[in-house]
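First the structure, in the form of structure tokens, and then the observations on it.
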Amino acid sequence: MRRIGLKNLDRYLLVFVVAVSLNFLLPRLMPGNPLALIAGVDVGLMTPDERAEIITAVGLDEPLLTQFIDYWKAVLTFDLGFSYKSGRPIVEMITERLPWTLLITVGSLMVSAVIGIVLGGWSAWRRGKKTDLSMLTGMISLQSLPSFWLGMLLISVFAVQLGWFPSFGAETPASSYEGMARVGDILEHAILPIVTLTVLSIPGVYMTMRYSMLEVLGSDFIRTARAKGASERRVLFGHVARNAIAPVVTFLAIRFAFAFGGSVIIETVFSYPGLGRLIFEAVSGRDYPVMQAAFLVFTVAVIVANLVADLLYPVLDPRMRVE
Amino acid sequence: MKLFTRRPGRRPTPKVAKRLGIVGGVMISALVLMAVFAPLLAPYDPTERVGAPFQPPSAEHWLGTNDVGQDLLSELIYGARVSLTVGIVAAIVALILGTTVGVLAGYYPKRLGKVLMQSVDVILILPFLPLLIVLAAYLGRSLLNTIVVIGVLIWAGPSRVIRSQVLSLRSREYVLASRTMGAPDRWAIVRHVLPRTALLATGTFVRAVSTAILLEAALSFLGLGDPLQKSWGSILFWAQSRGAFLTPAWKWWVLPPGLMIMIASLGFALVAFAMEERINPRL
Amino acid sequence: SSDTDDATTTTGGDGGSSDTTTTTEGMTEASVLRAAITGDEDTINPYTYISGFPGWNLLMMQYDSLMQLDANGEPQPWLAETVTTNEDLTVWTLKIVDGVTWHDGEPLTAEDVEFSLEYFMEKATGRFSRDLSSVEDVTSDDTTNEVVITLGATNPSFDLVALADVPIIPEQVWAEIDTPGEATYDISTNVGSGPYMLVEYEAEQFYRFEANPDYFRGAPQVDELVVVVFADDSGALAAIRSGEVDVNFERVSPEQIDLLAGQGGLEIAQGPEFTTQMINFDASKAPFDDLAVRKAMSLAIDAQDIVDTVFLGAATVGSPGWVHPDKAVYNPAVQPEFDPAAANAMLDDAGYADSDGDGVREYDGEPMAFELITNSSDSLRLRIAELTAEMLAEIGMDITVASVETATWEEAVWPGFDINNGRNYDIATWGWSAPIQANTIRVAELVNSDPSIGFLNLTGFSNPDVDTLSAALLTEADEAAFETGIMELQQLIADNVPFVMLAYPDGAYVYNADVYSDYEFIAGQGIVSKLSFLPDSARP
Amino acid sequence: MTSHGSPAFDPAATSAAHDAALEIRDLRVRFTTPTRTIHAVNGVDLDVAPGEVFALVGESGSGKSVSMLSVMGLVESPPAEVTGSITFGGRQLLGLPRREMNAIRGRDIGMVFQDPMSSLNPVHRVGRQIMEAIRLHEAVSKDEARKRAIDLLDRVGIPSASRRVDDYPHEFSGGMRQRVMIAIALACNPSLLIADEPTTALDVTIQRQIVTLVKDLQRDLGMSVIWITHDLGVVAEIADRVAVMYGGRIMERGTARAVYEDATHPYTTGLLHSIPRTDNALTEWLPEIPGTPDQITEEPTACPFHARCPLTEHDCTSGVPVLEVAGPDGHESACLHHTSVGDGDMLWPIQDREIPDPVLPSDDPVIEIEGLKVHFPIHRHGAKRGAAVRAVDGIDLTIRDATTLGVVGESGCGKSTLGRTLVGLVEPTEGRVLVHGEPLDSSSGPHRRVVQMIFQDPFSSMNPGMRVADIVAEPMRIHGIGTPEDRLSRVRDLLASVGISPDVAERYPHEFSGGQRQRIAIARALAADPDVIVCDEPVSALDVSVQAQIVNLLRETQMATGISLIFIAHDLAVVRHISHEIAVMYLGQVVERAPRDAIYDEPLHPYTKALLAAVPAPSPTAERSTAPTLEGDLPDPSDPPSGCRFHTRCPVAVEGLCDTDVPELRIVDDLRWVSCHLVESTIEITPPSPEPVGSGT
Ligand SMILES: Nc1ncnc2c1ncn2[C@@H]1O[C@H](COP(=O)(O)OP(=O)(O)OP(=O)(O)O)[C@@H](O)[C@H]1O
Ligand SMILES: Nc1ncnc2c1ncn2[C@@H]1O[C@H](COP(=O)(O)OP(=O)(O)OP(=O)(O)O)[C@@H](O)[C@H]1O
Ligand SMILES: [Mg+2]
Ligand SMILES: [Mg+2]
């Protein structure tokens with residue numbers, strides 16, 4: 001039993017190595033000079049000596065291989081360095097940002113899991129009927145919504161026009177809210193981003209659940225359950241739903257990874273101070289270390305999500321257990 | 001001993017799926033026609049400044065004008081060209097990559113397949129959007145790069161689906177039979193595997209178009225596409241960068257291109273859905 | 001107490017006027033004022049602040065400089081109550097105001113001033129060390145509270161460049177910091193003498209400043225200043241519209257001006273600023289090495305149209321002689337010309353014919369087809385590029401706009417930020433930040449072909465007359481002679497077209513007049529300065 | 001929820017409940033699919049008395065399952081439309097409210113389904129699944145239910161039930177799962193057990209275990225059993241009464257004895273004749289029923305069997321014949337001409353086939369297999385390094401010219417792997433295969449034509465996107481033989497020779513029945529012009545009535561072309577009619593190899609005996625073998641038992657010999673090879689089961 005879920009470990013390791021290497025190489029392959037960011041806006045007004053000094057200070061003059069090795073060392077010791085742009089320790093920047101991204105992604109994932117599973121289950125149960133078909137069509141349509149556009153519309157309507165929710169940020173700036181008031185404030189800010197992410201996640205959960213349910217509904221053991229005299233309800237909850245849930249969990253892990261990455265867009269639209277915005281800012285600002293670190297955190301988060309799914313799967317489906 | 005199970009024959013596509021597919025097809029055709037006949041349909045040249053900037057809708061400009069006085073309706077109509085092209089071409093890139101890898105990995109599951117699938121896994125697990133952004137930023141802004149980046153990142157999913165199909169086809173007895181006749185792998189792949197995978201591949205291709213259209217829009221919106229190409233995404237980029245969605249202009253500047261993206265993506269998604277239902281009816 | 005959240009709804013939409021300049025009807029005092037910026041500025045001390053604007057401006061809320069720009073952008077005595085110089089402007093004597101104290105209660109003395117200047121000269125920062133690069137010696141006398149600064153060479157703009165720019169820092173804090181590049185900073189480092197003190201900082205989220213009631217020019221009118229960090233403009237704009245912030249410290253883009261003004265209590269403070277928008281070309285190679293081509297291009301580009309279309313009028317049309325019309329040394333005789341017909345004629349005369357009739361002229365047997373490179377992150381510049389391409393098409397030039405990553409664009413126009421590396425572009429959009437325009441003589445850096453002087457000469461332009469005159473003006477101590485010279489230089493520049501000037505975008509700042517409205521617009525600097533929060537009596 | 005409140009297996013309590021009987025009248029079930037309507041059941045009348053074992057027999061698609069699912073209320077409606085009347089214990093079941101139906105299901109009627117692999121919920125422990133069945137109907141505590149679940153498991157023959165109760169279904173073998181299914185069905189002491197082909201998916205040896213189990217349980221509990229099967233052999237062993245279904249109707253009904261011995265319907269006699277069996281005289285050709293059963297898509301107006309019936313007259317099509325008394329003890333037949341049926345020998349004569357000049361078997365070896373081993377490495381995590389499934393583990397065989405080698409053995413013993421190795425689909429791990437003295441070359445090329453293969457599944461062995469003509473021509477096209485016209489004419493010849501009209505060459509495979517496809521597959525194999533054809537269970541997927549056609553066709557082909565055949569099957573009955581020599585495989589090895597008659601008349605290896613004993617004879621009066629049924633399942637082929645691989649299941653294994661020493665495959669008397677330490681002694685010394693197996697004449 002100890003091997004549960006770790007069968008993919010080598011695969012994740014490979015992903016990690018690729019991500020770290022990519023991470024290191026891509027920014028360096030990009031055209032442009034990182035100096036502008038290190039020295040601030042007025043780099044052009046510095047003397048060549050001053051510039052050289054800065055380049056040496058951040059190690060950009062080292063051979064690429066040395067930089068690469070140093071990079072690995074740093075990654076493995078969680079020393080993510082300092083931002084070129086702000087000079088702040090990146091670990092600190094990331095620990096600041098990560099909770100916000102987790103809040104909206106995990107929040108939306110939970111909401112969409114509940115809604116998606118319920119709707120998908122219901123839809124499958126009534127397969128071929130009107131409810132099923134209209135729900136199905138609706139979900140395909142939702143899937144086709146551009147995320148940022150949805151966010152923009154939500155801001156236009158609910159923040160600007162109606163003023164129900166704040167339009168930006170994770171908290172009321174400089175508020176001195178404490179305790180529940182602060183929680184309320186945070187939730188209020190998180191609602192629109194969570195709604196956007198949720199709307200985008202529901203169709204996938206719904207589809208997975210529905211298909212998984214249909215698969216289970218068509219299987220022989222459902223007939224066995226009925227032959228035992230189990231009521232439809234019991235069949236639905238005791239057998240169908242229980243068996244259908246395993247693929248949904250896997251999907252949720254993938255969806256989490258996707259939503260986590262998708263936070264780049266949502267956080268930009270909502271000016272939400274999460275990791276997604278950090279990576280976007282870093283990319284457009286060529287803040288190598290920050291971009292690398294953020295991408296790394298994304299990768300690790302995705303790997304962790306997959307690992308969790310791998311660990312959960314055998315719990316939900318005993319066939320996956322390895323003795 | 002294997003049990004003989006009777007198959008009721010391939011279940012024909014359920015009516016509803018078919019109908020949804022037709023709706024999707026109509027949507028796509030309308031958009032394609034719009035793209036093809038854009039010069040006839042559009043009231044103005046979308047690159048020309050034909051009015052004052054930031055005009056609300058009027059008789060001359062049904063959707064008003066953008067920040068430099070270009071006609072938004074014309075931009076919208078011409079936008080179909082870029083958005084559809086990017087979607088379709090990126091999907092073709094993905095299709096070629098995905099099918100090649102999927103077929104090879106499925107037909108040679110041992111060493112080659114393992115290596116290929118490992119790379120697929122890596123691509124699938126890597127955080128998609130951040131990677132897309134990093135890549136797009138690296139390659140710079142041009143239509144071609146957008147296409148390549150999207151195509152190169154979305155093939156992995158389909159290739160997996162195709163691989164599992166090929167994997168099962170490969171051990172179908174008619175493929176084995178052709179091998180016992182002394183047919184080379186090429187024969188089995190070309191005569192038996194590819195034709196049987198075509199429908200599935202087409203289905204995933206159509207879905208990929210839907211995905212690619214959304215991705216193009218997202219990239220353009222983030223300013224990582226070419227903002228000077230008139231695509232729906234770039235219209236939204238301009239709307240965003242000139243603050244239109246905070247003003248009443250969102251109704252004619254933000255709403256229509258978003259709807260177009262949705263319609264295009266939806267059209268392809270519906271067709272893909274209908275095709276998938278045909279392959280594996282679950283309605 | 002004024003609750004900012006309630007205040008927004010008090011003025012209806014019709015209550016707003018189309019008048020977009022500062023009015024005095026608004027509030028002149030506030031207990032809390034919330035301002036928006038769109039990027040974190042770290043801990044905003046002299047070694048950590050990030051951007052030249054508004055980072056430096058926020059820095060200077062906490063610190064004082066020896067001189068302070070007034071509303072016209074002219075340096076006036078500030079921490080130094082008198083500033084006197086010798087004949088050739090090499091020795092500057094400053095009398096420091098008595099009785100000024102730091103936020104921690106310690107007295108601010110001439111000694112502190114000497115310490116500050118020497119500290120910056122010794123421990124380089126990008127900006128302040130450069131400001132002080134001409135300084136040879138600093139001495140102070142605590143009894144007279146005087147500081148004497150000796151320069152290595154004549155520097156007519158030392159007051160503007162250095163005295164009004166460099167913050168004075170307390171010796172008791174910084175003496176302990178040996179290596180400012182490696183030090184860790186927190187709020188305790190931010191001890192200044194300015195009207196505001198940083199009391200709280202949440203990275204990427206907000207800064208809270210509290211008024212310094214003992215400020216030597218008088219207590220500020222706003223008790224608490226909260227500066228909120230936004231991801232981008234739209235977030236900030238949404239927030240000001242919804243009343244979540246009271247003023248936007250970032251410039252409002254032109255299209256927002258009309259939309260915002262009159263929304264609730266929102267008003268716009270607008271005025272000249274010294275950033276520039278221009279078109280660069282590689283004047284060192286064909287066909288741009290030919291004055292006829294450059295001149296024709298400048299004639300073909302309608303700067304007024306660009307101001308009207310892209311900036312919606314909220315910009316000043318660029319002067320072909322570089323100097324902003326609001327500058328005292330502006331030469332009104334140098335006027336922008338728009339005449340495509342003349343441009344075409346000029347090109348015809350110079351032999352750039354369209355021999356194959358495809359609408360594109362040829363040079364050296366090649367079509368005049370060029371790439372206009374611009375940075376995609378600046379949407380206005382993208383539009384300028386688009387319009388420029390359209391205009392140049394009228395004179396038979398086929399321009400393709402390439403929008404690239406900012407760094408790519410910088411690398412093409414200014415490889416390695418060193419003009420000795422040459423240039424990798426044909427035509428490019430470009431712009432300089434305000435300090436270069438602010439100090440008129442810095443035009444020499446842009447047009448002189450000697451790399452040690454013209455180290456910002458990105459176009460590779462070279463003209464002996466311009467070289468001689470610009471070099472001479474750099475050390476011209478005589479005010480009148482300088483003025484004549486600079487007028488002449490403007491004419492020379494306009495005649496030889498080292499670049500095409502398009503516009504000086506105006507600064508426009510939106511604020512909620514129901515909360516606070518007594519902002520001071522400093523020409524070339526905008527409203528983000530301590531002057532905006534000091535009582536009128538305390539302003540220079 | 002009502003409760004019996006009776007402890008498990010209290011005979012007194014159960015007999016009280018057994019006044020219930022099932023009565024079905026004019027049951028009709030119609031399915032509406034998007035393209036057509038399927039008339040699955042077309043007026044079935046049926047009575048099952050308390051305590052009786054009633055068998056419902058019929059080929060695939062005859063409507064057996066649907067009828068019985070209707071009893072349970074488990075046909076999905078829509079698309080199904082169920083009419084008629086089903087009374088159980090005096091209650092009308094059709095149209096019963098769902099809640100009341102639920103109370104009956106599982107409590108009064110238990111049901112066991114065909115596929116044990118998928119009929120149990122994979123995510124619940126087996127104990128829980130049994131407990132659920134109990135607790136749904138009886139208000140008992142969890143502990144009590146668990147105790148009963150363990151009892152039940154014990155009762156159905158799961159060893160160490162109290163431990164295994166907490167296992168998941170995937171930890172059980174197929175046979176054990178079927179036992180669990182039976183435990184579930186019996187959880188509440190139902191008065192009726194419906195078993196829908198509970199053994200079809202299992203090996204003959206396991207099938208025998210299950211049949212015995214149900215027989216014992218039925219005897220102990222006194223319940224009624226409806227046993228659905230297409231296997232007339234099983235029925236003969238277990239049933240009191242039998243109904244034979246065809247085309248959604250009952251063709252014949254009566255006591256088992258009457259139906260088997262005095263069949264009054266041509267279909268029944270046809271089935272009985274065409275079934276290969278081990279217990280009667282070997283005929284040269286198997287009698288066959290022409291044609292194939294069809295799906296009924298229109299309201300039937302004629303005898304469903306008329307198209308294939310030798311007795312058909314015009315009155316057979318003028319109406320649907322109903323069951324009429326045709327003999328004593330309520331023996332009924334739905335044949336208008338039942339009086340002319342006789343014993344069937346006349347109706348289904350053994351057709352003598354004229355083969356112009358038959359090629360006679362020779363002694364020249366075509367294929368020689370030497371020390372062949374095929375191991376599949378196990379890559380699963382948790383597997384030992386170097387672990388491998390020893391699918392084929394040391395086989396020496398020779399196939400001679402124009403002869404057939406029959407290969408039999410339980411599922412998983414490596415038959416298919418052996419076959420695939422011969423055609424080069426699988427690389428040998430060790431040893432070699434010589435074809436005409438040349439080592440087999442598994443690379444592609446014309447040399448591969450020499451050995452061809454016919455597969456089990458007629459549905460997956462043809463590319464559904466290709467026309468029949470292209471399918472048959474494929475080997476020629478691969479090697480570029482002939483012009484397209486040449487090929488076409490050869491295809492037509494080949495099709496004609498396998499009994500398919502050449503006119504249908506332009507059709508697609510899905511337009512053909514399973515039997516027809518298997519014919520096309522034979523034509524395709526022949527098109528390659530091979531010397532050997534490996535037939536991997538070519539008839540196990542076919543309807544009984546069609547099996548004989550294919551077996552005959554293969555023999556015919558062999559005689560006409562002198563081709564050698566390797567005929568793989570899992571039971572000994574089918575191979576009997578076609579093989580010259582038979583090899584019995586167990587766990588990747590050949591345990592006995594002998595000429596046909598020797599094997600059937602005088603099996604030497606205990607495993608061969610057990611296999612033969614497990615084949616049910618389709619006659620209720622046939623002497624039942626008293627040989628003990630083979631216990632347990634096939635051991636894990638990746639970790640075979642030491643010594644003699646069969647010793648773990650061998651009834652005569654000798655401790656200290658069989659479990660330690662590996663027996664060699666050695667020649668016993670001329671041409672017989674056996675690997676058993678005890679061969680000599682079993683020939684002379686009488687084993688615990690002295691009855692010779694299947695010696696009926
Ligand atoms: N759900 C369904 N939808 C449509 N047709 C069905 C359905 N279930 C059964 N049928 C059809 O009804 C007919 C009778 O099927 P049934 O399962 O009763 O046959 P059977 O005698 O049990 O055969 P087998 O031996 O294969 O189990 C077949 O033609 C089958 O295709
Ligand atoms: N490609 C393969 N990879 C791994 N194991 C295999 C492979 N093919 C067969 N096996 C294993 O080898 C053993 C023998 O399989 P094989 O198919 O030859 O048996 P069989 O006697 O034909 O059984 P059946 O009657 O079920 O067809 C089985 O345990 C099977 O699981
Ligand atoms: Mg059945
Ligand atoms: Mg097999």
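Just so we're on the same page: letters track the sequence lines, and every chain starts at 1. Side chains included, hydrogens not; waters and symmetry mates left out as well; all remaining heavy atoms used.
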Kindly determine whether B:Glu216 and B:Ser220 satisfy side-chain hydrogen bond (donor to acceptor under 3.5 Å, both in side chains), including the steps that lead there.
-> CA-CA 6 Å; B:Glu216 187 273 336; B:Ser220 296; 2.9 Å; yes
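- Neither the backbone nor the side chain of A:Val300 has a heavy atom closer than 4.5 Å to any heavy atom of chain B.
- In terms of heavy-atom pairs under 4.5 angstrom with chain A, the leader among B:Ala217, B:Ser119, B:Gly258 is B:Gly258.
- Interface residue B:Leu20: only side-chain heavy atoms are found under 4.5 Å from chain A.
- Heavy atoms of A:Ile155 lying under 4.5 Å from chain B belong exclusively to its side chain.
- When A:Asn306, A:Leu145, A:Ile303 are compared by the number of non-hydrogen pairs under 4.5 Å with chain B, A:Leu145 comes out ahead.
- No side-chain N or O of A:Ser201 forms a donor-acceptor pair with one of A:Ser108 less than 3.5 Å apart.
- Using a 4.5 Å heavy-atom cutoff, the side chains of A:Tyr12 and A:Val304 are not in contact.
- Neither the backbone nor the side chain of B:Ile263 comes within less than 4.5 Å of any heavy atom of chain A.
- Aromatic rings of B:Phe221 and A:Phe148 (six-membered ring for Trp) have centroids within the 6.0 Å cut-off, being under it.
- Separation of atoms OG (B:Ser265) and CH2 (B:Trp232) is listed at 10.5 Å; rounding is to 0.5 Å.
- Of the listed residues (B:Asp121, B:Leu236, B:Ile261), the greatest number of heavy-atom pairs within a distance under 4.5 Å of chain A belongs to B:Asp121.
- Note that CE of A:Met135 is 13.0 Å distant from CD1 of A:Ile140, once rounded to the nearest 0.5 Å.
- Both the backbone and the side chain of B:Leu259 come within less than 4.5 Å of a heavy atom in chain A.
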